[in-house]
Student: 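Mind looking over this structure? Questions follow.
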Amino acid sequence: MAAYQIPEVVLESSNGRRTMPVLGFGTASNNLKPEVLIEAVLEATKLGYRHFDTASVYGSEQTLGIALAQALELGLVASRDDLFITSKVWCDDAHPHLVIPALKKSLRNLGLEYLDLYLIHWPISATPAELDQIEEKDPMPSEKDQMPMDFKGVWAAMEEAQKVGLTKSIGISNFSTKKTQDMLSFATIPPSVNQVEMSPFWQQKKLRDFCKANGIVVTAFSPLGAIGTSWGTNHVLESKELNEIAEARGKTIAQVCIRWIYQVGATLAVKSYNKERLKQNLQVFDWELTEEDIEKINQIPQRKMMVREEELVTATGPFKSLDDLWDGEY
Ligand code: A2P
């Protein structure tokens, strides 16, 4: 029996497993040593984490797969069906004929027979890579490799992946409200999830409202500001406003932040490879922020915190400005 129970949210368009733990364990870190990740995953499963977030581009699928196999073998998790595993198709595989082969490659990496959720990582494609190439993928496609995505064709392949049971649910990531709306205009299986950067400093209010009205779950990535990564910032964990609330409630800033995300109706993938902080981040479901606290956080001046914006905004690529990429919503 795990130490903590994490609430779950319904994924309306899923085929099979219909719920997702609201708090997931993120694995997008630079230079993370495999042994550190394995130990953290084992610790996390003991604590009660069941939702693990990876992507082909993170280079963490194989190590996560090893760690989860160990957790199952050790009986820390009763069965594969108790886990919720998300991965994402990278830009160079975001082509109609490459989506399913890329998903199968992720499954091989993870040692799994199905994913719980497969996401389009960014709304942009890139020159296809050789599928069997072993070298690590480039973090972002270079300007000359960038190309507009065939959204309809790629989404049809995602739908096929769900229909044939390679994944229980499908979704999108880094899609603005407009791009999500466009997707809904032709999707026969609507996306279950849109995973975007979200924290008190980039609250994604418009997107959240739209997704809520359309049955799409928003998952926040980098909810604490992703310190320790190339795109990280200390704005969140050093916020004066969040600190005032944390002190008044006897909680940490990270807990206030996680609780705020949960209370405004979103889900999240948070990263920690530290035993104490893994635990601390789960201790957010037996207390509440007051309406005043929520309002105070809602008023925090927004900063533009785009992950690697500079690589995706190029003179000759599909997105000539941040406005193009985010349709003005940043
Ligand atoms: P660590 O692994 O040492 O705990 P994000 O989830 O926004 O990507 O942020 C991840 C970063 O936040 C990591 O550097 C992680 O460091 C740190 N972190 C995670 N949980 C906490 C916490 N409860 N308090 C302070 N820092 C945290």
Side-chain angles (χ1 to χ4, degrees), residues 3-4 6 21-49 51-55 57-60 63-64 67 86 88 119 121 139 173-174 193 195-204 218-247 249-262 264 266-287 289 297 300 302-309:
Y4 295 89
I6 300 177
V22 297
L23 193 148
F25 176 113
T27 65
S29 290
N30 308 113
N31 307 320
L32 182 64
K33 291 204 181 91
E35 57 274 23
V36 174
L37 180 56
I38 290 173
E39 204 173 313
V41 169
L42 293 178
E43 185 58 34
T45 52
K46 273 184 219 163
L47 287 166
Y49 287 83
H51 170 180
F52 294 85
D53 180 89
T54 183
V57 78
Y58 299 163
S60 57
T63 311
L64 178 62
T86 303
K88 311 181 190 87
L119 305 177
H121 206 147
S173 181
N174 298 297
V193 167
Q195 184 180 122
V196 293
E197 183 177 358
M198 176 182 160
S199 76
F201 286 84
W202 191 11
Q203 300 190 4
Q204 303 279 14
V218 170
T219 299
F221 73 76
S222 302
L224 306 181
I227 285 182
T229 63
S230 51
W231 66 93
T233 165
N234 56 6
H235 293 149
V236 182
L237 291 176
E238 292 181 5
S239 152
K240 192 167 80 36
E241 295 92 334
L242 294 177
N243 191 44
E244 280 168 12
I245 298 171
E247 285 192 349
R249 302 271 153 261
K251 304 291 174 191
T252 66
I253 291 185
Q255 288 174 317
V256 169
C257 210
I258 294 169
R259 180 74 208 182
W260 171 78
I261 288 173
Y262 177 58
V264 298
T267 64
L268 70 155
V270 63
K271 292 197 295 283
S272 180
Y273 308 108
N274 169 282
K275 203 170 162 174
E276 277 315 303
R277 289 189 284 278
L278 275 170
K279 186 158 131 193
Q280 184 193 118
N281 295 347
L282 286 188
Q283 295 171 326
V284 291
F285 300 114
D286 58 353
W287 56 277
L289 291 167
I297 297 173
I300 289 179
Q302 300 292 281
R303 290 170 190 255
K304 190 181 67 182
M305 278 173 30
M306 259 306 297
V307 173
R308 301 168 179 173
E309 66 200 56

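These values consider heavy atoms only, across backbone and side chains, with no hydrogens, waters or symmetry-generated copies. In listed order, ligands and their atoms are each counted from 1. Keep in mind it's a predicted model, so treat the numbers as computed, not measured.
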Student: Parallel, tilted or perpendicular: which one describes the rings of His235 and Phe201, with boundaries at 30° and 60°?
Tutor: tilted

Student: Would the distance check show the side chain of Ser173 and the main-chain N or O of Gln195 forming a donor-acceptor pair, the cut-off being under 3.5 Å?
Tutor: yes

Student: Check ligand 1 against Ala226 and write out every atom of the ligand that is under 4.0 Å from a heavy-atom position of the residue.
Tutor: 5 (P), 7 (O), 8 (O), 9 (O)

Student: Salt bridge check: are Lys88 and Asp53 linked by an N-O gap of less than 4.0 Å?
Tutor: yes

Student: Taking 4.0 angstrom as the limit and counting only heavy atoms of Val270, give me the atoms of ligand 1 inside it, by number and element.
Tutor: 6 (O)

Student: Which of the numbered atoms in ligand 1 are below 4.0 angstrom from a heavy atom of Ala254?
Tutor: 22 (C), 23 (N), 24 (N)

Student: Specify the protein heavy atom at minimum distance from atom 7 (O) of ligand 1: its residue, its atom name, and the distance to 0.1 Å.
Tutor: Leu224 N, 2.7 Å

Student: With no hydrogens and no angle check, is any side-chain donor or acceptor of Asn243 less than 3.5 Å from a backbone partner on Glu238?
Tutor: no

Student: Checking a contact table here: which protein heavy atom is nearest atom 2 (O) of ligand 1, and how many Å away?
Tutor: Tyr273 N, 2.9 Å

Student: Only heavy atoms of Ser222, strictly under 4.0 Å: list the atoms of ligand 1 that pass.
Tutor: 5 (P), 7 (O), 8 (O)

Student: Judged by non-hydrogen atoms, does Leu237 sit under 4.0 Å from ligand 1?
Tutor: yes

Student: Has ligand 1 got any nitrogen or oxygen that is less than 3.5 angstrom from a nitrogen or oxygen of Ala269?
Tutor: no

Student: Under 30°, 30 to 60°, or over 60°: which ring-plane class applies to Phe25 and Phe52, parallel, tilted or perpendicular?
Tutor: tilted

Student: Report the part of Asn281 in contact with ligand 1, treating N, CA, C, O as backbone and CB onward as side chain, heavy atoms under 4.0 Å; options are side chain, backbone, both, neither.
Tutor: side chain

Student: If we ignore hydrogens and angles and just use 3.5 Å, is the side chain of Gln302 paired with the main-chain N or O of Ile300 as donor and acceptor?
Tutor: yes

Student: Nearest heavy atom to atom 12 (O) of ligand 1: which of Lys279, Lys271, Arg277, Glu276 does it belong to?
Tutor: Lys271

Student: Tell me the protein heavy atom at minimum distance from atom 14 (O) of ligand 1, and give that distance in Å.
Tutor: Ile227 O, 2.7 Å

Student: Do Leu32 and Ser60 have side chains that approach each other closer than 4.5 Å (heavy atoms only, starting at C-beta)?
Tutor: no

Student: Give, for atom CG of Leu23 and atom CG of Leu282, the distance between the pair rounded to the nearest 0.5 Å.
Tutor: 6.0 Å

